[in-house]
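Let me begin by presenting the structure, written as structure tokens, before commenting on it.
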Amino acid sequence: MKYEFDSETKKWLEETYSKILAKMDAECLRIGDKIPYISENGKYVHDMAEKDIYWWTNGFWAGMLWQMYHATEDEKYKNTARAVGKKLDRALEGYIELHHDVGFMWLHSSVADYRLTGSKEARTNGLHAANILAGRYNPHGKFIRAWNGDCTGWIIIDCMMNIPLLYWASNEQKDPRFLYIATDHANTAMEKLVRADGSCNHIGILNPENGELLEAPGGQGYAPGSSWSRGQAWAVYGFALSYAHTKNQVYLDTAKKIAHYFIANVSGTGFLPLVDFRAPAEPVIFDSTAGVCAACGMLEIAEHVGEFEKPLYINAAVNILKATEKKFCNWDIDFDSIVGNGVASYHGRGGDFEVPIIYGDYFFIEGILRLLEKDFLIW
Ligand code: GLY
């Protein structure tokens with residue numbers, strides 16, 4: 001037993017798991033191999049396979065299904081996840097519009113399939129995606145460039161969640177090149193994006209010739225120098241994962257520093273993160289997705305620290321997941337999506353503002369399955 005909970009928390013976890021089972025059973029049958037993104041009034045109106053097969057979130061539904069397959073061994077989750085993965089693989093063939101987020105996309109589809117079933121085809125597609133990510137490496141600046149177009153020198157904190165695809169490929173192929181790229185990127189992110197107090201820049205614009213930091217725009221946060229909470233969450237989990245894959249202590253220390261900053265900031269808001277920890281006091285805007293991602297990162301940190309440190313991270317994760325469940329979850333099985341109030345960016349006020357976004361559901365499910373020891377490491 002990794003975790004010991006009080007009876008109230010045990011009961012809450014059991015009830016929440018039952019609700020996840022009912023919800024995912026209904027959604028799996030209803031959504032099938034469509035690729036969902038944002039639920040509008042309780043319906044996933046668009047299939048992202050039709051709307052934008054390259055969209056960065058397109059792996060999360062498959063990831064949810066593979067987690068459910070691992071937890072339940074119910075074949076319908078495996079079959080549906082495979083069908084979703086097959087659609088997603090069209091983007092590998094298309095290639096040209098692919099970007100740094102291939103890790104989010106193929107860790108959750110092909111690599112998860114390979115890890116759970118040993119499928120050779122899935123392994124090939126995962127390696128193909130890893131090679132695309134490695135191909136984005138800038139050896140002079142020592143980073144994986146973000147996005148396409150004229151962002152030549154751009155590094156972003158989100159990409160810490162993509163590099164586990166390279167750690168996986170390095171192990172699979174017994175080839176350290178992928179590891180070198182991943183650790184160069186992690187080191188550059190640590191140096192250019194993580195600040196001394198544990199907060200992070202979202203974006204660093206580097207001189208592509210030598211990696212010098214030229215500018216740090218506000219990105220999806222409030223402004224330059226502010227602290228976009230989902231970016232902080234990507235950093236908590238991303239550095240914890242870099243430690244898990246390399247055992248380089250500096251990554252765990254970095255993950256802990258950012259987690260402490262995150263915990264300090266959610267402690268005053270009922271364990272629900274504001275979309276930016278350094279935005280003006282008004283308007284009050286929460287981003288549920290930052291909380292659930294950070295919670296999973298804290299549980300990953302807890303795997304690697306000493307006995308007396310674990311409770312800090314586990315309790316913070318439980319508090320965040322409980323607060324999110326209470327305030328933002330919808331368990332009506334006829335309503336598509338679980339976690340409401342996701343916010344794509346501070347200044348956005350479009351269809352991706354204060355709505356259920358698929359990655360919120362993924363990290364909520366991963367967090368609950370982790371606490372029940374029913375998850376598998378997808379990263
Ligand atoms: N990776 C993009 C985002 O977090 O919105």
Side-chain angles (χ1 to χ4, degrees), residues 35-39 48 52 54-61 63 88 91 97-109 129 132-133 136 143-149 151 154-165 185-186 189 193-194 199-204 216-222 226-239 241 258 262 273-277 279 285-297 324 337 339-364 366 378-379:
I35 302 186
Y37 173 39
I38 287 173
S39 144
M48 293 305 285
D52 181 1
Y54 298 100
W55 186 239
W56 75 277
T57 66
N58 284 354
F60 286 106
W61 175 233
L88 196 55
E97 287 182 53
L98 283 174
H99 39 66
H100 59 275
D101 280 331
V102 292
F104 280 114
M105 295 165 82
W106 278 278
L107 281 168
H108 283 242
S109 51
I132 289 171
L133 187 58
R136 302 181 66 85
F143 64 97
I144 293 167
R145 66 156 288 176
W147 295 307
N148 295 326
C151 304
W154 291 40
I155 180 173
I156 59 173
I157 197 66
D158 325 25
C159 206
M160 286 304 299
M161 296 298 287
N162 285 303
I163 60 175
L165 180 63
H185 180 85
L193 300 178
V194 180
S199 68
C200 308
N201 295 313
H202 176 197
I203 300 171
Q220 283 160 251
Y222 171 67
S226 76
S227 168
W228 175 50
S229 61
R230 196 165 61 256
Q232 319 306 296
W234 295 142
V236 170
Y237 203 175
F239 282 103
L241 289 165
I258 304 163
F262 197 99
L274 296 169
V275 69
D276 191 312
F277 294 135
I285 313 164
F286 291 102
D287 176 18
S288 59
T289 69
V292 290
C293 171
C296 293
T324 304
S337 78
V339 184
N341 217 94
V343 172
S345 69
Y346 182 90
H347 293 289
R349 292 293 183 276
D352 52 7
F353 186 78
E354 296 183 330
V355 288
I357 311 182
I358 192 73
Y359 43 88
D361 285 15
Y362 172 79
F363 286 105
F364 183 80
E366 185 192 301
I378 216 163
W379 305 99

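By convention here, the first residue in the shown sequence is residue 1. Just follow the structure's listing: the first ligand is 1, and inside any ligand the first atom is 1.
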Please tabulate, line by line, the atom pairs linking an N/O of ligand 1 to a protein N/O at a distance below 3.5 Å, with the distance in Å to 0.1, or answer 'none'.
residue	atom	partner	partner atom	Å
ligand 1	1 (N)	Asp158	OD2	2.8
ligand 1	4 (O)	Arg230	NE	2.9
ligand 1	4 (O)	Arg230	NH2	3.2
ligand 1	4 (O)	Trp234	NE1	3.0
ligand 1	5 (O)	Gln220	NE2	2.8
ligand 1	5 (O)	Arg230	NH2	2.5

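Scanning all heavy atoms of the two residues, the minimum distance from Phe363 to Cys296 falls at O-SG, 3.3 Å. Considering all non-hydrogen atoms of both residues, Trp55 and Met105 come closest at O-CE, 3.6 Å.
The number of heavy atoms from other shown groups lying within 6.0 Å of OH (Tyr222) does not exceed 12.
Among the candidates Asp287, Asp158, Asp276, the single residue satisfying the side-chain hydrogen bond (donor to acceptor under 3.5 Å, both in side chains) test with Arg230 is Asp287.
Taking the six-membered ring for Trp and thresholds of 30 and 60 degrees, Trp234 and Trp56 have ring planes more than 60 degrees apart, a perpendicular arrangement.
Among residues two or more places apart in sequence or in another chain, the side chain to side chain donor-acceptor pair (under 3.5 Å) test is passed with Trp106 by Asp89.
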